[in-house]
Amino acid sequence: MEEFQSVRGFHDLLGEEAKRFRYVSELIREKLRVYNFEEIVLPVVEYLEVFQRSIGEATDIVQKEMFSFEDRKGRRLALRPEGTAGAVRAYVQNRLYALKPYVKLFYEGPMFRYERPQAGRYRQFHQIGAEVFGTMDPLADAELINLVHEILLEMGIDVTIEVNSIGCKVCRPAHRDALIEYLSGVEGHLCDVCIDRRDKNPLRVLDCKVPTCKEAVKEAPKMLDFLCHECREHYSKLKEHLTNLSIPYRENPNLVRGLDYYTKTVFEAVSNELGITVIAGGRYDYLVEEMGGPPTPAVGFAVGIERLSMLLRSEPKEDPLYFLIPFGEVLDYALTLAKTLRSEGRRVEVSYRKGGLKKQLELANRLKADYAIIVGEEEKLGNFYTIKDLKTGQQIRVQPSPSL
RNA sequence: GAGAGCGUAGCUCAGUUGGCAGAGCAGUGGACUGUGGAUCCACGGGUCGCGGGUUCGACUCCCGUCGCUCUCCCCA
């Protein structure tokens, strides 16, 4: 029989990997809880248009990375490539803007992008995202970055937090024009991709890694010099807040994000070890309106759980494992004991094998137990059990129920 | 979409001008039914990714194909 294989880019997470994944997820969720974010459980499938409209028709995500398909009635659907689009759709559809002056939501779950898999990149990957709807206050931006900073600090992950402002409807066009003009002047030094980008999305040229492009772009007009009064004010307030929160950050005037909906603040946490982005976000003040809602400013970020997990050095520690060995005709007694220990919250594994004590203790080691609990005729008769510390070899007799 | 590397036992990997398919670990069993962590013995396990070609003979050489990994583009 031919055996099956998981689909390319779709991975099983097992063992330590699964534990790290869970640890990261729980740490972030706990952080979101204390910041008073409310969970919203979103569908994995949306109408294709939801993503096309929000993420932007010209982006790589929409153009070549979507798992899109038609259902039986010919509706054009897609597996979500990111979370913000769906969150905004839900915000509008459920009239969440009528609930409170502003709302803070988070979601968690799988995202799908049809890309060539490589280190830290899967076709199904997982994100936790947080969004604040309904406020222009740069304090929201700052708190989000603070939250991100705290997560990374607690996990001991070495990153640089980069921030930038990419302006708004008012100030962006002038910069764009100036940039295109500048790029045309240095066209000879740009790579092919960048020449193409100049017309479609000139901001992205600033982000190019090709050395000659980097060099050519050094003197390019900076968005920061074009910011309108409002954006300038917003950005400087944000930096002020970050300083007050003592968050180390680096201003990166070339930081651009790949999605169309961003305005003003954009930020990223980049691993100093691997150079990959692990958390990224920004403000998107027009998106809610563009998705059919009332004009509503918003900010958010998303973290890649796998990417964070793979930077995790320390292994999450586990509760001790007790390996219970029934020895002789004592199953009734042994199982009652197991029940008691488990009800106390202990991790108990009852041996599923027969064999001498020697074999059983070997088994205990193989299963990575911390303690062996030996229950034989003697124990049953005397109503106690024997517990052996498998690290030290020390062994003591214990009456059931009192703490071990 | 473009490029590079790798596919031999469950895992990590050897495999000599082209001449019977190997080791370590893991697994199973064992003078051993009250004491383990590198004690001993035995055993099982393979379409050498797949398909073709060259050859008396291919794990080895050639072509194709699939898969995995990594890089670029882009992104979490």
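Below, chains carry the letters A, B, ... as their sequence lines are ordered, and counting in each starts from 1. Because the structure is predicted, anything quoted here is derived from the model rather than measured.
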Which whole-number value in Å describes the distance from [X] [atom1] to [N] [atom2]?
X	N	atom1	atom2	value
A:E65	B:rC73	CD	C1'	9 Å
A:R366	B:rA26	CZ	P	6 Å
A:R121	B:rG1	CZ	P	14 Å

A:H126 side chain to A:E108 side chain, donor-acceptor N/O pair below 3.5 angstrom
no
Scan A:Y122 against the nucleic acid and name what it touches under 4.0 Å (heavy atoms): base, sugar-phosphate only, or nothing.
base
Touch check for A:R8, heavy atoms < 4.0 angstrom, all strands: base, sugar-phosphate only, or nothing?
sugar-phosphate
Here the helical stems involving RNA chain B, each at least 3 consecutive Watson-Crick or G-U pairs closer than 3.5 Å, sorted by first residue number, are B:1-7 with B:66-72, B:10-13 with B:22-25, B:27-30 with B:40-43, B:49-53 with B:61-65
Salt-bridge present (A:R33, A:E30; N to O < 4.0 Å)
yes
Between A:K391 and A:D370, does any side-chain N to carboxylate O distance fall below 4.0 Å?
yes
With A:F51, which residues qualify under ring-ring contact (aromatic ring centres under 6.0 Å, His included), at least two apart?
none
Which residues satisfy the ring-ring contact (aromatic ring centres under 6.0 Å, His included) test with A:Y114, sequence neighbours excluded?
A:F67
Please work out which residues in residues 16-44 of chain A have a non-hydrogen atom less than 4.0 Å from an atom of RNA chain B and list them by number.
none
Where protein sits on nucleotides 31-36 of chain B, one letter per nucleotide: B base, S sugar-phosphate only, - none, heavy atoms under 4.0 Å:
-BSBBB
Within residues 128-184 of chain A or reaching into it, pairs that qualify as ring-ring contact (aromatic ring centres under 6.0 Å, His included) - sequence neighbours excluded
A:Y91-A:F133, A:H175-A:F226
